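Here the structure comes first, spelled out in structure tokens, and everything after it is commentary.
Residue numbers start from 1 in every chain, and the chains themselves are labelled A, B, ... in the order their sequence lines are given, proteins ahead of strands. Not measured: the values here are computed from a predicted model.
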There are 2 protein chains.
Amino acid sequence: MARVTIIDIARESGKSYTTVSRALSDHPRISIETKVLIRATATRLGYSPNMMAKGLVQKRTQTIGLIATELSNPVRSELIEALRRQVHASGYQLLVSGYQDEDELSSRIRDMAGRQVDGLIIGKITGVVEKKDFWPALEAALKQDIAVVTFSNATSVCVDCLCIDYVAMARKLTEHFIRKHGFRNIWYLGVDRNTIRQRGYFAAMQAAGLESAKRLFLLPAQDMQTARDAIGDLLQHESKPQAILCHNDITAIGVMNGLRQCGYSVPEDIAVAGIDNHQISSFFNPALTTAGVASERVAGAMMKLLEARLGHNHQSPAVAVHLPFETYYRESCGCCCANEEE
Amino acid sequence: MARVTIIDIARESGKSYTTVSRALSDHPRISIETKVLIRATATRLGYSPNMMAKGLVQKRTQTIGLIATELSNPVRSELIEALRRQVHASGYQLLVSGYQDEDELSSRIRDMAGRQVDGLIIGKITGVVEKKDFWPALEAALKQDIAVVTFSNATSVCVDCLCIDYVAMARKLTEHFIRKHGFRNIWYLGVDRNTIRQRGYFAAMQAAGLESAKRLFLLPAQDMQTARDAIGDLLQHESKPQAILCHNDITAIGVMNGLRQCGYSVPEDIAVAGIDNHQISSFFNPALTTAGVASERVAGAMMKLLEARLGHNHQSPAVAVHLPFETYYRESCGCCCANEEE
DNA sequence: CTGAAAGCGCTTACAG
DNA sequence: CTGAAAGCGCTTACAG
């Protein structure tokens, strides 16, 4: 059986379907009585508007698209959930799509544009947006009046960017290891060769005159298992460091588990820090030292950026918003529970 | 500037837009040459089909809707992510929507129906679907040919259900506490008065002749903080139990953190178990004893159920699939690391 | 305040 | 093998 349409409501209420459409969208020049009548029959019939038809004519779908990497990272889930809440609160739905390599982005963007999303969030972009392979697809989306915001380390003259300074986080945590705890043999455990955040580690090590900057890379998949296994392997061949800065909290949790399996205790034998500040990190045993910006903050800033553009002012110049991060010194680096300053 | 449409491609390639449409959808009666020509100009122009228009005429949107509770629970995130992968692999997008109380469900279902989803997954339903307040809305969706599957404890003659036996999990874990470890004073820490899984706890306690079945309820919000604070409060007023079965892994992690703050160690002073088997539970310190079915399993079973219906056989009788669960005896109950049998 | 008509961008019988 | 026409369910000028 077919859906109930405005035609059904029109027939039922003895009005034209034009009037029905207007009554339902609360058009000012429709009498109160007809509005009441039409709304009543609409709910009686269990009517809900066909968003496909509506979207086709209005060119707005009340949908925000999100294209991001690392979807299976719990921290990403936290952000997506926060975003969903924001987006729902503003009357939109969130459509999430993932990608592995940047060359998939073009088709993902086109898909989203084909679904006529009103806004588009593209996640974990580093570098100049206009120089990327996906720029043509993104430009088409912009011409189509889609509001776009990228994160977390992009630069652009055309597109708003929400910037999160992972490099500074890595640097600050490394400096904390060095200055507060006096560590000199510190590892950086990254997930791939290109991570930008390792630069912060190198900078801090170099500034402290620590040459022996050892860095070790896991292969892509950034899950806990990989990190646990990797640290186990490493410690069989190399002498232990005093501290390990991990690519993120998930890696850090894997590493702490691996260290425990090897008989090392954190932070007594080896100190550990992560990056992200996932909710669970403060509940872990030992509580994880980390840095990050709260997902609600990120989601809120994104929605703010998006809503400014959704108001159709595509003319105003692109902005870059830099979100300040917090550092959390907890047990895993050797600090006490309290969030003491460096 | 406007999007490129099939009209643009038709003009560019000197064909009618009917032919363009057919060439793009690989219609058999279009010559290879025109197909090649048209596809070439389509990609040259950066064409991507308007899914609104397509959806309007075809009544299919390549979208699966998910309506669920507890969206901010990391276990739910894990499931959603697994589902998204499944759904993408089958060529669909996933649209996720949340709800707090069951009376919101009707409007959520109508929203999804209005967005013309091809399939709909409705999460955490307990009881007879046909007796629910949202049944009229769901019935309308079914009449509209939307494939529907519910989880996790529903019964229905019209709708497929994916069943996960949380009661049995609670029972099995409680029995494990009793038989394997000889505990007699066991608490059940639930998140609300109506959770079905507490029944398994009661059953096990009763069967063992343990009358003093103490149960304590947290208020709604089922996050780690609440659980941590609650256990702290409780232990100030009552003498400690030997073991605590928690509503889920997240609650259990909060509880373990709270116990640590109070100076108790797990499992030496108090044993703890959760339910869900979130990825992180096996990495926790101590590793958490828990039970659950892997998210990929659940997602796979859902997609299977859905795809059977998406093939338009709405006639075949509704099925109920019961997913077997696994139990993981780890450190937090006093078992060793190995997954020993009860 | 209300209605008839055109049109959004596609697909799909119906003809040729 | 290809095209002209109707129609999916809405909204929105344009008339009245």
Report task. Determine whether the side chains of A:T63 and B:R115 contain a donor N or O and an acceptor N or O closer than 3.5 Å. Result ->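 Note: A:T63 and B:R115 side chains meet the donor-acceptor criterion.
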
Please state whether the phosphate of [N], meaning OP1 or OP2, lies under 4.0 angstrom from any side-chain nitrogen or oxygen of [X].
| X | N | value |
| --- | --- | --- |
| B:Y17 | D:dA5 | no |
| B:T19 | D:dG3 | yes |
| A:K54 | D:dT11 | yes |
| A:K15 | C:dG3 | no |
| A:K59 | C:dG9 | yes |
| A:S21 | D:dC10 | no |

Query raised in the report: Where the side chain of B:I6 is defined as all heavy atoms beyond and including C-beta, which of D:dG9, C:dA13, C:dT11 is the nearest nucleotide?
Result: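 Out of D:dG9, C:dA13, C:dT11, the nucleotide with an atom closest to B:I6's side chain is C:dT11.
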
Query raised in the report: Can you tell which of C:dT2, D:dT2, C:dT11 lies closest to the side chain of A:T34?
Result: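 Closest nucleotide to the A:T34 side chain: C:dT2.
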
Query - 5' precedence on DNA chain D between B:P28 and B:Q58 (nearest-nucleotide basis) - result: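 The residue mapped nearer the 5' terminus is B:P28.
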
Query raised in the report: Closer to the 5' end of DNA chain C via nearest nucleotide, is it A:S16 or B:T18?
Result: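 Between the two, 5'-proximity favours A:S16.
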
Requested in this report: Return the 5'-most residue of the pair A:L56, B:R29 with respect to DNA chain C, ranking by each residue's nearest nucleotide.
Outcome: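 Between the two, 5'-proximity favours A:L56.
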
Query raised in the report: Rounding to a whole Å, what distance do you find between B:D8:CG and C:dG9:P?
Result: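 From B:D8 CG to C:dG9 P: 9 Å.
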
Query raised in the report: Expressed in angstrom and rounded to an integer, what is the separation of B:D26 atom CG from D:dC1 atom P?
Result: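 In whole Å, D:dC1 P lies 13 Å from B:D26 CG.
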
Distance-only, no hydrogens or angles: does the [X] side chain make a donor-acceptor pair with backbone N or O of [Y] under 3.5 Å?
| X | Y | answer |
| --- | --- | --- |
| B:T5 | B:I7 | yes |
| A:E81 | B:S77 | no |
| B:R309 | B:S316 | yes |
| A:Q116 | B:N50 | no |

Report summary line: Parsed dot-bracket for DNA chain D after applying the Watson-Crick and G-U rules with both distances under 3.5 Å and | for other-strand partners is |||.||||||||.|||

Requested in this report: Rounded to whole angstrom, note down the C1' distance from C:dT12 over to C:dG16.
Outcome: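 Rounded to whole Å, the distance is 16 Å.
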
Query raised in the report: Is A:D26 salt-bridged to A:R39, going by a charged N under 4.0 Å from an acidic O?
Result: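 The answer is yes: the pair qualifies as a salt bridge.
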
